[in-house]
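Here's the structure, in structure tokens; my notes come after.
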Amino acid sequence: TAANPSHTYPVAGTYTVRLTVTDDGAVPAGDIAEQVLVINGPPTMHVGDLDPYAAIIDPGLPTERWDAYVTVHVHNSSHLPVAGATVSMDMIWTRKATGVVRSRIVTCTTSSAGHCDVGRRFNPLFVEDDVTFTMLNITHGSLAYVAADNHDPDGGDGTTIVVSRP
């Protein structure tokens with residue numbers, strides 16, 4: 001019903017487009033059908049950098065703990081920061097006394113600068129010295145997450161990083 005119709009397809013693929021042509025009096029003059037190949041999908045985002053952070057709290061005291069955190073930087077396909085993306089990572093560590101592997105899903109939402117922090121504080125008496133963080137998903141209202149595009153300028157894959165106790 002428009003002189004110059006347009007449509008945005010949500011994902012790449014082949015679509016059949018059918019147009020009905022009418023004359024000035026809105027009388028149908030014929031149909032046109034074409035196959036259209038859509039090669040670009042919705043705008044995308046990915047992990048552009050994972051930065052580890054570890055620190056000892058109250059060193060040498062009975063209350064000593066250590067922090068294991070990761071700063072996640074989310075970029076769009078133009079490598080610009082993405083604000084408002086919800087990041088989900090799996091955080092895995094091993095209990096010292098039992099050797100039992102523990103896991104927790106941690107989440108954060110990116111700031112206007114496109115990054116956020118995930119992690120937690122550990123008791124060094126009970127937890128081994130390494131914590132592994134693995135990217136699970138990123139969600140956003142208008143961008144699709146493409147894990148294959150993850151990268152890390154520090155040499156990692158942008159998907160997994162190990163934070164070691166200092």
Side-chain angles (χ1 to χ4, degrees), residues 6-15 37-166:
S6 69
H7 180 76
T8 302
Y9 292 91
V11 295
T14 301
Y15 297 88
L37 176 61
V38 177
I39 56 173
N40 60 335
T44 63
M45 64 183 166
H46 61 276
V47 174
D49 193 9
L50 295 175
D51 292 323
Y53 169 79
I56 300 290
I57 311 301
D58 295 336
L61 298 175
T63 57
E64 180 178 310
R65 301 291 185 266
W66 75 283
D67 287 347
Y69 284 85
V70 172
T71 300
V72 182
H73 299 262
V74 179
H75 296 166
N76 65 19
S77 57
S78 298
H79 298 284
L80 297 173
V82 174
T86 301
V87 174
S88 300
M89 294 189 87
D90 192 17
M91 182 175 63
I92 301 170
W93 68 94
T94 303
R95 300 278 298 181
K96 278 187 177 179
T98 62
V100 172
V101 175
R102 303 287 309 264
S103 174
R104 174 183 290 177
I105 295 174
V106 290
T107 63
C108 63
T109 301
T110 57
S111 67
S112 60
H115 58 80
C116 61
D117 299 325
V118 294
R120 68 170 283 194
R121 183 164 287 173
F122 290 95
N123 184 330
L125 297 175
F126 302 113
V127 176
E128 293 293 339
D129 294 339
D130 293 325
V131 179
T132 301
F133 292 82
T134 302
M135 185 60 57
L136 295 174
N137 196 19
I138 305 173
T139 58
H140 188 274
S142 62
L143 299 171
Y145 173 51
V146 179
D149 292 345
N150 289 356
H151 59 89
D152 189 337
D154 304 316
D157 62 6
T159 300
T160 301
I161 190 168
V162 176
V163 178
S164 299
R165 182 172 182 249

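Along the sequence shown, residues carry numbers from 1. The model shown is predicted, which means the values in this text are computed figures rather than measured ones.
- Using the six-membered ring where Trp is involved, His46 and His151 have ring planes that are tilted, between 30° and 60° apart.
- Among residue pairs with one or both ends in residues 49-58, those qualifying as side chain to side chain donor-acceptor pair (under 3.5 Å) are Asp51-His73, Asp58-Thr63; sequence neighbours excluded.
- Proximity of Val87 to Val74: side-chain heavy atoms (C-beta onward) are separated by under 4.5 Å at one or more points.
- Residues Val131 and Phe122 are in side-chain contact: their nearest non-hydrogen atoms beyond the backbone lie under 4.5 Å apart.
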Dump the intermediate steps for side-chain contact (heavy atoms from CB on, under 4.5 Å) on Arg95 and Phe126, then the final yes or no.
CA-CA 6 Å; Arg95 300 278 298 181; Phe126 302 113; 4.1 Å; yes

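- The list of side chain to side chain donor-acceptor pair (under 3.5 Å) pairs with a residue in residues 154-164, not counting sequence neighbours, reads Asp130-Ser164, Asn150-Thr159.
- Within the structure, side chain to side chain donor-acceptor pair (under 3.5 Å) contacts touching residues 99-115 (residues at least two apart or in different chains) are Asp90-Ser103.
- For Ser142, the side-chain contact (heavy atoms from CB on, under 4.5 Å) criterion is met by His140, not counting sequence neighbours.
- Of all the heavy atoms in Tyr145 and Asn137, the pair that sits closest is CD2-OD1, 3.4 Å.
- Side-chain contact between Ile138 and Val47: present, with at least one pair of heavy atoms (C-beta onward) separated by less than 4.5 Å.
- No side-chain heavy atom of Thr44 sits under 4.5 Å from any side-chain heavy atom of Leu143.
- Val118 approaches Cys108 most closely through the heavy-atom pair CG1-SG, 3.4 Å.
- Under the 4.5 Å side-chain criterion, counting only non-hydrogen atoms from C-beta, Thr94 is not in contact with Val127.
- Using a 4.5 Å heavy-atom threshold, the side chains of Tyr69 and Met91 count as separate.
- Judged as a salt bridge (charged side-chain N to carboxylate O under 4.0 Å, His left out), the pairs with a partner in residues 109-123 (not counting sequence neighbours) are, in order, Asp67-Arg121.
- One N or O on the side chain of Lys96 and one on the backbone of Pro124 form a donor-acceptor pair closer than 3.5 Å.
- Every residue meeting the salt bridge (charged side-chain N to carboxylate O under 4.0 Å, His left out) condition with Arg165, not counting sequence neighbours, appears here in chain and number order: Glu64.
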